There are 2 protein chains.
Amino acid sequence: MFIEMDLQSEVPLYAQLVDQLIEGIASGALHPGDPLPSVRSLAADLGINLHTVNKAYTLLKQEGFLQVHRKQGVVVNAEGMPGVTEAFERKLDAQLKTLAAEAAVRGLSAEAFAEKCAGAYRSAITGGGESL
Amino acid sequence: MFIEMDLQSEVPLYAQLVDQLIEGIASGALHPGDPLPSVRSLAADLGINLHTVNKAYTLLKQEGFLQVHRKQGVVVNAEGMPGVTEAFERKLDAQLKTLAAEAAVRGLSAEAFAEKCAGAYRSAITGGGESL
DNA sequence: AAACTGTTATATATTATATATAACAGTTAT
DNA sequence: ATAACTGTTATATATAATATATAACAGTTT
């Protein structure tokens, strides 16, 4: 598995897992229909509790990223990913505004900020290594 | 005051206050040297506790956004704002990557994401109203 | 002297996070 | 069918984060 937990991080473990699974889908490491490890085996691999994994799976299921087939277990939603909902747009706008404000105050130019954002998108869909 | 607390938000009150003060500086509503309300009066205005305001002020002071003159009280750092530190760059990169990954998975194009980011920066430095 | 400033200390209540153990119904493989 | 697995649910516990309440202190300001 390409997932690693940072026990020192201020980000909750279940949130780290949610983020990394979405990044896995964005990068193409995970495709619609792909099976995911069971809550117990993934918890064992990561050295965390079963319920922490289950919380992440449940959140991703509620948002439409994952499905649970009674047979195959948990899989990446084979019917496609959720679109740009109003709730996501609100979250995106709010977080971008907070980040942009601090960036501007610290003297990061609009162009430099834009390049950071573009790089983050590129990094997300290629998975990992930064380009220039 | 231009600050409003959302008691229903999942974002902690002290964090909402931190964000809105930084946005106030970014938009030009607050300038270096400008005095801020006392922890007691601002807490009373917002209907929250003195210690919640103090926590926000303390964080902003540690990061270099605010100063406390024994006479004038708390002011926006008159010696200028902190620059782009490595810690901020790490936080910015990590949060942008998370947001970009979800945006990409949901089908938001690189161009649409870039425009959202540019709009957030514009919105931050003008303060509020969205442009097109 | 009175009213204010940030700061610190102590205490309490609520919620979020994470773990532990156990059990259930359904599925898969031996 | 028995055993091993699946997600799911329930219960309990421990720790940390968040927020409030009350009080006090030293230093300013009026």
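Chain naming here is simple, since letters A, B, ... match the order of the sequence lines and numbering starts at 1 in each. All of these numbers come straight from a predicted model, not from anything done at the bench.
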Can I get a per-line list of side-chain donor-acceptor pairs under 3.5 Å for residues 14-26 of chain B, giving both atom names and the distance, sequence neighbours left out?
residue	atom	partner	partner atom	Å
B:Gln16	OE1	B:Asp6	N	2.9
B:Gln16	NE2	B:Asp6	O	3.0
B:Gln16	NE2	B:Val11	O	2.8
B:Gln20	OE1	B:Glu4	N	3.2
B:Gln20	NE2	B:Glu4	O	2.8

Do nucleotides 12-19 of chain D as a string where each nucleotide becomes B, S or -: B if the base has a protein heavy atom under 4.0 Å, S if just the sugar-phosphate does, - if no protein is that close.
------SS

Check the distance between C:dT5's P and B:Leu42's CG and give it to me in whole angstrom.
11 Å

Specify the angle, to 10°, made by the local axes at the two ends of the helix from C:dA1-D:dT30 to C:dT30-D:dA1 when five pairs are taken at each end.
20°

Test question: given the 4.5 Å side-chain rule for I, L, V, M, F, W and Y, name all other residues clustered with A:Val75, or answer none.
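Once heavy-atom contacts under 4.5 Å are chained together, A:Val75 still belongs with nothing else.
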
Taking the nucleotide of DNA chain C with the nearest heavy atom to each, does A:Leu7 or A:Gln72 sit closer to the 5' end?
A:Leu7

Using side chain to side chain donor-acceptor pair (under 3.5 Å) as the criterion, list what pairs up with A:Asn49, not counting sequence neighbours.
A:His51

Partners of A:Ser38 by side chain to side chain donor-acceptor pair (under 3.5 Å), sequence neighbours excluded?
A:Ser41

Side-chain donor-acceptor contacts of residues 97-108 of chain B below 3.5 Å, not counting sequence neighbours, with atom names and distances?
residue	atom	partner	partner atom	Å
B:Thr98	OG1	B:Ala94	O	3.1
B:Glu102	OE1	A:Lys91	NZ	2.9
B:Glu102	OE2	B:Arg106	NE	3.0
B:Glu102	OE2	B:Arg106	NH2	3.2
B:Arg106	NH1	A:Gly83	O	2.7
B:Arg106	NH2	A:Glu63	OE1	2.9

What do the steps show when you test A:Met81 against A:Val76 for side chain to side chain contact (heavy atoms under 4.5 Å, CB included), and what is the final call?
CA-CA 9 Å; A:Met81 292 294 104; A:Val76 180; 3.6 Å; yes

Using ring-ring contact (aromatic ring centres under 6.0 Å, His included) as the criterion, list what pairs up with A:Tyr57, not counting sequence neighbours.
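A:Tyr57 satisfies ring-ring contact (aromatic ring centres under 6.0 Å, His included) with no other residue.
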
Can you list the residues that meet the side-chain contact (heavy atoms from CB on, under 4.5 Å) rule with B:Gln62, with sequence neighbours excluded?
B:Thr58, B:Leu59

For A:Asp34, which residues count as a salt bridge (Lys or Arg N to Asp or Glu O under 4.0 Å) partner, sequence neighbours excluded?
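A:Asp34 satisfies salt bridge (Lys or Arg N to Asp or Glu O under 4.0 Å) with no residue once adjacent residues are dropped.
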
Using the salt bridge (charged side-chain N to carboxylate O under 4.0 Å, His left out) rule, collect all pairs that involve residues 76-89 of chain B, keeping only residues at least two apart or in two chains.
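Listed by first then second residue: A:Lys116-B:Glu89, B:Glu86-B:Arg90.
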
Every protein N/O lying under 3.5 Å from an N/O of nucleotides 7-10 of chain D:
residue	atom	partner	partner atom	Å
D:dG7	OP2	A:Val39	N	3.2
D:dG7	N7	A:Arg40	NH1	2.9
D:dG7	O6	A:Arg40	NH2	3.2
D:dT8	OP1	A:Lys61	NZ	2.5
D:dT8	OP2	A:Lys61	NZ	3.2
D:dT8	O4	A:Arg40	NH2	3.1
D:dT9	O4	A:His51	NE2	3.3
D:dA10	N6	A:His51	NE2	2.7

